[in-house]
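Step one of this worksheet: look at the structure below.
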Number of protein chains: 2
Amino acid sequence: MPKWKGGDVLTSDAMPDVVAEGPTPTRSSARGRPVATSHAAIEQAAFRLFATHGFAGTTMEAIAREAGVGKRTIFRYYQSKNDIPWGRFDRTLDHFRALLAEQADDLPVHTAIHRGVVEFNRFPADARPPHRERMRLILTTPELQAHSVLRYAEWRRVIAEHVALRTGARPDDLVPQVAGHVSLAISLSAYEAWLAEPDADAPGLPEIIDRAMAGLQSYLSG
Amino acid sequence: MPKWKGGDVLTSDAMPDVVAEGPTPTRSSARGRPVATSHAAIEQAAFRLFATHGFAGTTMEAIAREAGVGKRTIFRYYQSKNDIPWGRFDRTLDHFRALLAEQADDLPVHTAIHRGVVEFNRFPADARPPHRERMRLILTTPELQAHSVLRYAEWRRVIAEHVALRTGARPDDLVPQVAGHVSLAISLSAYEAWLAEPDADAPGLPEIIDRAMAGLQSYLSG
DNA sequence: TCCATTTTGGCATCGAGTGCCATTAGTGTG
DNA sequence: CACACTAATGGCACTCGATGCCAAAATGGA
């Protein structure tokens with residue numbers, strides 16, 4: 001689903017982030033004891049271990065050891081073990097909002113949403129492998145599959161708000177909610193099909209999302 | 001989503017169940033030590049505590065004490081704490097399958113599915129309050145929301161298989177999967193709207209599911 | 001150098017979940 | 001009726017995720 005802004009396991013920032021939300025250490029000034037690690041470092045350590053021992057087989061203790069910090073510190077960077085594979089997903093919702101906003105006004109709402117979703121899932125070639133690996137982990141590990149609902153809810157909210165804005169409804173009304181849920185349904189179907197493909201290239205995510213949407217249209221037409 | 005066959009907190013069987021799956025104690029003959037409790041008794045005890053202390057505030061120890069059995073025994077009836085509010089959902093999937101199968105052959109697939117889903121969610125008046133309470137708990141408790149994905153996946157599978165059968169595709173193909181995901185999307189939107197209503201009566205679940213489907217059609221039409 | 005500031009990480013604790021196994025309470029048989 | 005047979009029970013120990021608490025560490029600035 002997501003296009004991560006930061007937290008990429010391979011390329012991301014090694015510096016602590018300056019955000020004012022969640023358990024992320026906020027660095028308002030340069031005073032005080034300096035941070036000992038970063039989201040990127042923790043994710044790298046974690047993915048290294050996940051690859052060899054699996055998600056369930058990797059303890060938080062082990063991740064802490066691999067990252068060279070205390071277990072307690074890991075929990076200050078990530079609320080839970082399940083949050084680690086998601087990286088810093090929260091940041092990307094702003095990006096998603098922007099993508100939706102920049103779609104042409106004269107498009108039908110569902111088309112604007114669809115295009116926004118497609119763009120949201122367009123990645124440069126070099127970002128594809130780690131993205132794929134991340135999503136594979138999330139979508140095939142039961143604990144993570146379950147946990148991801150909470151993330152999806154935030155993502156759906158972005159859509160519901162956009163639809164509400166464009167149709168004059170409230171975000172909690174039925175149609176905006178349906179739009180959010182159905183967009184997620186399309187995306188998840190597409191991701192599953194994408195991951196089922198043997199070659200990491202084949203049709204890309206954007207194409208598959210288009211197909212999934214076309215599939216829905218044909219399904220609903222009879 | 002579900003129409004539970006057994007495990008109803010108010011009306012269900014007080015006898016151990018004869019099923020051959022999961023951690024449910026299988027009673028093949030009448031020999032051996034008799035069971036000390038039942039799914040129904042455990043659920044009743046659990047819901048009593050959930051009502052006063054909330055889900056997170058209720059420990060498995062407490063549920064065991066309330067039910068008059070050992071904690072270890074509770075875990076033989078339910079794989080996890082999260083499974084308790086779901087009752088014996090697995091049983092209802094057979095019922096759902098039957099409902100889909102009995103829809104007229106000449107209906108368009110999406111119509112047959114929709115009708116099956118609607119029927120699946122039609123309850124006699126006296127079953128409504130406990131059902132509503134159960135779903136309220138599941139859909140408003142984060143842990144349970146997350147956990148429910150695993151149940152939904154089984155439910156979606158039933159739809160995907162039916163669509164595959166009727167269209168000559170395989171269950172894992174894109175369109176059947178999309179059908180499953182989208183049906184779930186509709187159902188969840190409907191449930192949320194249903195729970196948001198102050199009165200337990202107002203429009204019933206079947207009506208709201210119809211509206212959600214109509215909402216999707218209008219959304220996709222522009 | 002001392003202070004304010006901020007992160008760190010150790011420790012204790014809780015609760016979910018699991019493996020192990022002796023105990024219990026029935027049924028069927030001689 | 002006593003004795004084996006059978007199957008559920010429940011206690012115990014243990015692992016692991018998660019959280020609260022707090023002293024220690026490490027920096028910039030006065």
Side-chain angles (χ1 to χ4, degrees), chain A residues 15-20 22-39 41-42 45-46 49-50 53-85 141-144 146-147 150, chain B residues 15-20 22-39 41-42 45-46 49-50 53-85 141-144 146-147 150:
Chain A
M15 281 287 90
D17 308 278
V18 190
V19 248
T24 299
T26 303
R27 201 109 190 97
S28 45
S29 79
R31 309 185 48 163
R33 178 173 174 168
V35 297
T37 185
S38 65
H39 287 92
I42 292 172
L49 296 176
F50 293 160
H53 306 101
F55 183 77
T58 303
T59 69
M60 288 297 268
E61 285 266 340
I63 296 174
R65 234 181 299 116
E66 179 82 8
V69 293
K71 183 182 85 166
R72 198 63 187 73
T73 297
I74 302 284
F75 277 106
R76 286 211 186 77
Y77 282 76
Y78 293 94
Q79 293 192 358
S80 72
K81 185 183 176 185
N82 289 337
D83 284 308
I84 296 179
T141 306
E143 306 96 286
L144 295 177
H147 179 74
L150 308 178
Chain B
M15 281 288 89
D17 309 276
V18 190
V19 249
T24 298
T26 303
R27 202 109 190 94
S28 45
S29 79
R31 310 186 47 160
R33 178 174 176 167
V35 298
T37 184
S38 66
H39 288 91
I42 292 172
L49 296 176
F50 293 161
H53 305 100
F55 183 78
T58 303
T59 69
M60 288 298 266
E61 285 265 343
I63 297 173
R65 233 181 300 115
E66 179 81 9
V69 293
K71 184 182 87 165
R72 198 65 187 74
T73 297
I74 302 285
F75 276 106
R76 286 212 185 77
Y77 281 75
Y78 293 95
Q79 293 192 358
S80 73
K81 184 182 176 185
N82 288 337
D83 284 308
I84 297 180
T141 306
E143 305 96 287
L144 294 178
H147 179 74
L150 308 177

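Both backbone and side-chain heavy atoms feed into the values below; hydrogens, waters and symmetry mates do not. Protein chains get the first letters and strands the later ones, always in sequence-line order, with residue 1 at the start of each.
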A:K81 atom NZ is separated from C:dG15 atom P, nearest whole Å, by 21 Å
Quick one: is A:T59 getting a side-chain N or O under 4.0 Å of the D:dC16 phosphate, OP1 or OP2?
no
Can you find an N or O donor on one side and an acceptor on the other, under 3.5 Å apart, linking the side chain of B:R72 with the base of C:dG17?
no
Nearest-Å distance, CZ (B:R65) to P (C:dG15)?
10 Å
Would you say B:Y78 places a side-chain N or O within less than 4.0 Å of OP1 or OP2 belonging to C:dG17?
no
Any idea which of D:dG10, C:dT18, C:dT8 is nearest the A:A36 side chain?
C:dT8
Consider the side chain of B:V35, meaning its heavy atoms from C-beta on, and name the nucleotide among D:dA8, C:dG19, C:dT8 that approaches it most closely.
D:dA8
In terms of relative ring orientation, are A:F55 and A:F50 parallel, tilted or perpendicular, with 30° and 60° separating the classes?
tilted
Shortest side-chain distance from A:F75, nucleotide among D:dT27, D:dG28, D:dA18
D:dA18
Checking only heavy atoms, does the side chain of B:K71 share a donor-acceptor pair with the base of D:dG10 at less than 3.5 Å?
no
A:R33 side chain: which of C:dT8, C:dG19, C:dC21 is closest?
C:dT8
Tell me whether the OP1 or OP2 atom of D:dG10 has a side-chain N or O from B:T73 closer than 4.0 Å.
yes
C:dA16 P sits how many Å from A:H147 NE2, rounded?
19 Å
Measure CD/B:E61 against P/D:dG10 and give the value in whole Å, please.
13 Å
